[in-house]
Participant: 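After the C-alpha cells below, expect a handful of questions from me.
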Amino acid sequence: MYPKVSIIIPFYNCQYVDQAINSALNQTYPNIEIIVVDDGSTIYTEKITPFLGKITYLKKENGGTATALNHGIRSATGEYIAWLSSDDYFLPHKISRQISFMLNRNAEASFTNYDIIDKNNKVVIPWASYRISDLKQIYKAFLTFNINPVNGCTVVVKKDLFDRIGYFNPYHRYTHDYEMWLRLLVKGHQLHYLDEVLLKFRQHEESGTSKYQSQMRKELAEIEIYYRPLLLKYIER
C-alpha cells in the first residue's frame, strides 16, 4: 500500500542542508529513504553529521547537480524518486499527498505548486507557479513561457521511467531538469499537476538560480531550439 519513495538531496556547500534533511525526515509518509549526495562539498558538511544514522550519505567529486541526482537515483531502492534541493524544504505531507494523487491516476510523474521563501524562511511569493487545469495546459506552458514551468523539486517520478527515457544530462549544468521534462513529454509520457503547495523554494544570493542567470538563459535557448519542434510535432499527432 505504501510504495517506497527515495528522496534525493544533492548537496554542494549549502548552509541550509540541515533544514532540507529535517523536512525529508519529518514526512508523514511511512516508507521513505533519504539519500544525500555530497557533490564535493568543502564547507557545511558538519551540518550532515547529526543525520548520518538516519540517511544514506554518498560522497563524490564535484560534477554538478545532474551528476549528483543521477548518482542518487542509481543508488536508490525506492519505486518512486523525489528530488529536494539542499536549500529548499518539503512540507510534512508532501510525499503522502503526491503519492496518493499519483496512485489514484496511475501517473508515472507529477508536480505541484510551491511558495518562494527568503533566507529566513519567510514567504515572499505564495503559489509561485502557473496553476494548470488539465494536461493540455502543460504542453501549452512549455511552448509559451520560455522558462521552466515545472519546479524540479516539486516532481515525483517512478524510478523505472529513467531507465526508459534516460537520466539527467550533465551537459545542461543549470537547466538539466527543463531538458528532462521536455524529453519526458516528447517521448509520450505525461506530467500530472497537483494543485497544492507542497514545497518551499528558497531564493538567496548564493543559489544557482541567482548566480548563473546568463548561463541558464543560454542553455534554455539551446534546449528550446531542439525540443520545440519535437513537442509541436507530438501535439499535432
Side-chain angles (χ1 to χ4, degrees), residues 5-8 10 64-70 72-73 76 80-85 88 90 94-95 98-99 101-102 105-114 116 127-199 201 208-209 212 215-237:
V5 179
S6 301
I7 301 174
I8 313 297
T65 304
T67 66
L69 282 169
N70 291 342
I73 293 166
Y80 293 83
I81 299 292
W83 161 22
L84 175 58
S85 290
D88 301 336
F90 287 161
K94 148 84 174 177
I95 299 300
Q98 209 159 345
I99 290 295
F101 172 80
M102 293 175 70
R105 289 158 181 77
N106 196 28
E108 297 177 298
S110 71
F111 68 106
T112 76
N113 221 298
Y114 61 96
I116 295 178
W127 291 86
S129 188
Y130 309 101
R131 301 182 74 173
I132 293 168
S133 60
D134 56 43
L135 289 169
K136 290 182 180 178
Q137 282 197 335
I138 295 174
Y139 298 107
K140 184 178 179 181
F142 276 95
L143 290 170
T144 302
F145 296 123
N146 196 34
I147 59 171
N148 190 350
V150 177
N151 184 310
C153 293
T154 72
V155 172
V156 174
V157 61
K158 292 198 77 171
K159 184 185 176 185
D160 66 5
L161 194 58
F162 293 105
D163 296 325
R164 287 177 275 153
I165 69 171
Y167 286 68
F168 289 96
N169 188 345
Y171 174 78
H172 304 291
R173 192 172 181 92
Y174 308 106
T175 57
H176 48 274
D177 55 330
Y178 183 58
E179 190 274 338
M180 173 61 77
W181 316 141
L182 280 166
R183 192 192 327 157
L184 182 151
L185 291 173
V186 301
K187 288 183 178 290
H189 303 282
Q190 295 179 340
L191 271 168
H192 293 254
Y193 172 69
L194 172 58
D195 191 34
E196 296 184 23
V197 168
L198 298 175
L199 171 78
F201 173 78
T209 307
Y212 303 111
Q215 295 95 320
M216 289 177 66
R217 285 193 293 268
K218 180 180 178 182
E219 289 184 11
L220 285 169
E222 292 175 352
I223 292 168
E224 290 226 345
I225 288 171
Y226 179 78
Y227 276 104
R228 183 178 288 266
L230 296 176
L231 188 58
L232 284 168
K233 185 177 180 179
Y234 175 79
I235 293 170
E236 291 169 358
R237 285 200 312 217

Participant: Fit a plane to each ring of Phe168 and Trp181, take the angle between them on a 0 to 90° scale, and name the class: parallel (under 30°), tilted (30 to 60°) or perpendicular (over 60°).
Facilitator: perpendicular
Participant: Is there side-chain contact between Leu182 and Leu231, with at least one heavy-atom pair below 4.5 Å?
Facilitator: yes
Participant: Ignoring hydrogens, what is the shortest heavy-atom contact between Glu179 and Ile223? Give both atom names and the distance.
Facilitator: CB-CD1, 3.8 Å
Participant: Go through the steps to decide whether Glu219 and Tyr171 satisfy the test side-chain hydrogen bond (donor to acceptor under 3.5 Å, both in side chains), and finish with yes or no.
Facilitator: CA-CA 9 Å; Glu219 289 184 11; Tyr171 174 78; over 6 Å; no
Participant: Students often mix this up, so state it plainly: with edges at 30° and 60°, are the rings of Tyr193 and Phe111 parallel, tilted or perpendicular?
Facilitator: tilted
Participant: What are the two closest heavy atoms between Ile81 and Lys159, and how far apart are they?
Facilitator: CG1-CB, 3.9 Å
Participant: Report yes if some heavy atom in the side chain of Leu69 is under 4.5 Å from a heavy atom in the side chain of Asp177; otherwise report no.
Facilitator: no
Participant: In terms of heavy-atom contacts, does OH of Tyr234 have more than 12 from other residues, nucleotides or ligands at under 6.0 Å?
Facilitator: yes
Participant: Work out which heavy atom in Leu185 is nearest to a heavy atom in Leu191; give both atom names and the distance.
Facilitator: CD2-N, 4.3 Å
Participant: To the nearest 0.5 Å, what is the distance between SG (Cys153) and CG (Leu198)?
Facilitator: 13.0 Å
Participant: Given side chains that start at C-beta, do those of Ile165 and Met180 come closer than 4.5 Å, heavy atoms only?
Facilitator: yes
Participant: For Asp134, is the CG atom crowded, meaning more than 12 foreign heavy atoms sit under 6.0 Å from it?
Facilitator: yes
Participant: Can you check whether Ala128's main-chain N or O pairs, donor with acceptor, with Asn113's side chain at less than 3.5 Å?
Facilitator: yes
Participant: Considering only heavy atoms from C-beta outward, does the side chain of Trp127 approach that of Asp195 to under 4.5 Å?
Facilitator: yes
Participant: Nearest 0.5 Å please: distance from the NE2 atom of His189 over to the CZ atom of Arg183.
Facilitator: 10.5 Å
Participant: Grab the two heavy atoms, one from Val157 and one from Leu161, that are nearest each other, plus how far apart they are.
Facilitator: CG2-CD2, 3.4 Å
Participant: What is the minimum heavy-atom distance between Ala66 and Pro170, and which atoms define it?
Facilitator: CB-CA, 3.7 Å
Participant: Report yes if some heavy atom in the side chain of His192 is under 4.5 Å from a heavy atom in the side chain of Phe101; otherwise report no.
Facilitator: yes
Participant: Going by the rule side chain to side chain donor-acceptor pair (under 3.5 Å), which residues pair with Tyr139 if we only count those two or more places apart in sequence or in a different chain?
Facilitator: none
Participant: From the options Leu84, Thr67, Thr65, select the one residue that forms a side-chain contact (heavy atoms from CB on, under 4.5 Å) with Pro10.
Facilitator: Thr65
Participant: Which heavy atom in Arg228 sits nearest to a heavy atom in Phe142, and how many Å separate them?
Facilitator: NH2-O, 4.2 Å
Participant: Do Val155 and Val150 have side-chain heavy atoms sitting under 4.5 Å apart?
Facilitator: yes
Participant: Within the distance-only criterion (no hydrogens, no angle test), does the side chain of Glu196 pair as donor or acceptor with the backbone N or O of Lys94 below 3.5 angstrom?
Facilitator: no
